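Report on one structure; see the data block that follows.
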Amino acid sequence: MTLSFIRRLPTPSNIVAQHRLSLTAEERTRSRHHFETENGQGLYLRLARGTVLQHGDVLESETGDLVLIEAKPEPVMTVTAKTPLDLLKAAYHLGNRHVPLEVTETHLRLSPDPILKVMLEQLGLMVQEEVIPFKPEAGAYGHGDRNHHNNHQHLNQV
């Protein structure tokens, strides 16, 4: 039996989901798609178009079942720099190319791309290829990861 998941729940700290679904960053952008859990349970997402799922999101099915969304390990490039300014410049150049990007204080992470790797290395950055969960930023207008500050509130204060 395939379960149909229709809504994202506010993420309470004590939620117990019956299912876990591990998805890549690209798969977390699919709001209408059939997936299968590791144990073979069929899940169909019927979410509002444009929904981007984040690691830790909980979805509810029409029958009340819950599924926990997890970021699946996938190939990525992790970029580090000698100085914070060098990392900031790399984020600027990657942003100009509209590359999905995970941003932290110590590194940037993006999908593998040999051309971007050469560019980053020419800028003096270190690039390491890994297979780990990838959690790119949702974007300026995305509703994104609820672990970050409320961006709408900050925009209104500018």
Side-chain angles (χ1 to χ4, degrees), residues 5 7-13 15 17 19-39 43-45 47-59 66-158:
F5 288 84
R7 73 178 70 60
R8 177 173 34 200
L9 298 178
T11 308
S13 59
I15 193 107
H19 310 280
R20 290 180 180 270
L21 185 59
S22 186
L23 302 173
T24 66
E26 190 276 326
E27 289 170 333
R28 292 192 309 273
T29 66
R30 299 179 187 171
S31 56
R32 302 201 176 236
H33 194 78
H34 182 272
F35 293 102
E36 205 169 280
T37 64
E38 290 179 8
N39 64 4
L43 306 175
Y44 182 69
L45 301 187
L47 304 169
R49 296 216 184 267
T51 299
V52 176
L53 298 172
Q54 301 294 327
H55 177 80
D57 279 348
V58 176
L59 306 179
L66 302 177
V67 63
L68 174 66
I69 302 299
E70 297 177 332
K72 182 179 189 174
E74 60 185 292
V76 295
M77 295 189 318
T78 300
V79 180
T80 55
K82 293 177 184 162
T83 70
L85 182 58
D86 288 341
L87 197 61
L88 189 59
K89 287 178 182 180
Y92 171 81
H93 288 292
L94 293 167
N96 276 341
R97 288 161 179 79
H98 302 278
V99 173
L101 192 62
E102 180 178 329
V103 180
T104 75
E105 291 180 12
T106 60
H107 68 267
L108 304 173
R109 193 164 283 138
L110 63 147
S111 294
D113 182 309
I115 294 171
L116 293 178
K117 182 178 182 183
V118 169
M119 177 197 77
L120 292 164
E121 289 172 340
Q122 287 176 346
L123 290 171
L125 298 143
M126 287 72 65
V127 179
Q128 179 182 355
E129 295 188 32
E130 305 178 274
V131 177
I132 55 177
F134 179 37
K135 302 171 195 166
E137 292 291 316
Y141 300 103
H143 297 288
D145 189 345
R146 281 160 299 286
N147 293 329
H148 287 80
H149 299 292
N150 182 340
N151 291 331
H152 300 291
Q153 192 173 35
H154 292 287
L155 289 174
N156 291 334
Q157 295 173 357
V158 175

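Computed from a predicted structure; not experimentally measured. Only heavy atoms go into these numbers, but all of them, side chains included; no hydrogens, no water, no symmetry mates. Here, residue 1 is the first one in the sequence, and each next residue gets the next number.
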Reported CZ-to-OG1 distance for the pair Arg7 and Thr51, which is rounded to 0.5 angstrom: 12.5 Å
Residues in side chain to side chain donor-acceptor pair (under 3.5 Å) contact with Thr37, at least two apart in sequence or another chain: Asn39
Note: Glu102-Lys135 ion pair, threshold 4.0 Å (strictly below): no
Pair Thr78, Glu130: side-chain N/O donor-acceptor within cut-off below 3.5 Å: yes
Heavy-atom side-chain contact between Arg109 and Ile132 under 4.5 Å: yes
Gln128 side chain near His107 side chain, heavy-atom distance below 4.5 Å: no
Glu27 side-chain N/O to Thr24 backbone N/O, donor-acceptor pair under 3.5 Å: yes
With sequence neighbours excluded, residues passing ring pair (Phe, Tyr, Trp, His ring centres under 6.0 Å) with His33: Phe35
Side-chain heavy-atom pair Leu53, Thr29 within 4.5 angstrom cut-off: no
Under 3.5 Å side-chain donor-acceptor pair for Arg49 and Ser31: no
Student check: side-chain heavy atoms of Leu101 and Pro136 closer than 4.5 Å: no
Backbone of Tyr44 reached by a side-chain donor or acceptor of His34 within 3.5 Å: no
Any donor-acceptor pair under 3.5 Å from Asn96 side chain to His93 backbone: no
Flag side-chain contact, heavy atom, 4.5 Å: Leu59 against Leu9: no
Expected output: side-chain Glu129 to main-chain Pro112 donor-acceptor under 3.5 Å: no
Polar side-chain atom of Arg8 near backbone of Val52 as donor-acceptor pair, under 3.5 Å: yes
Side-chain heavy atoms of Thr106 within contact of Thr80, under 4.5 Å: no
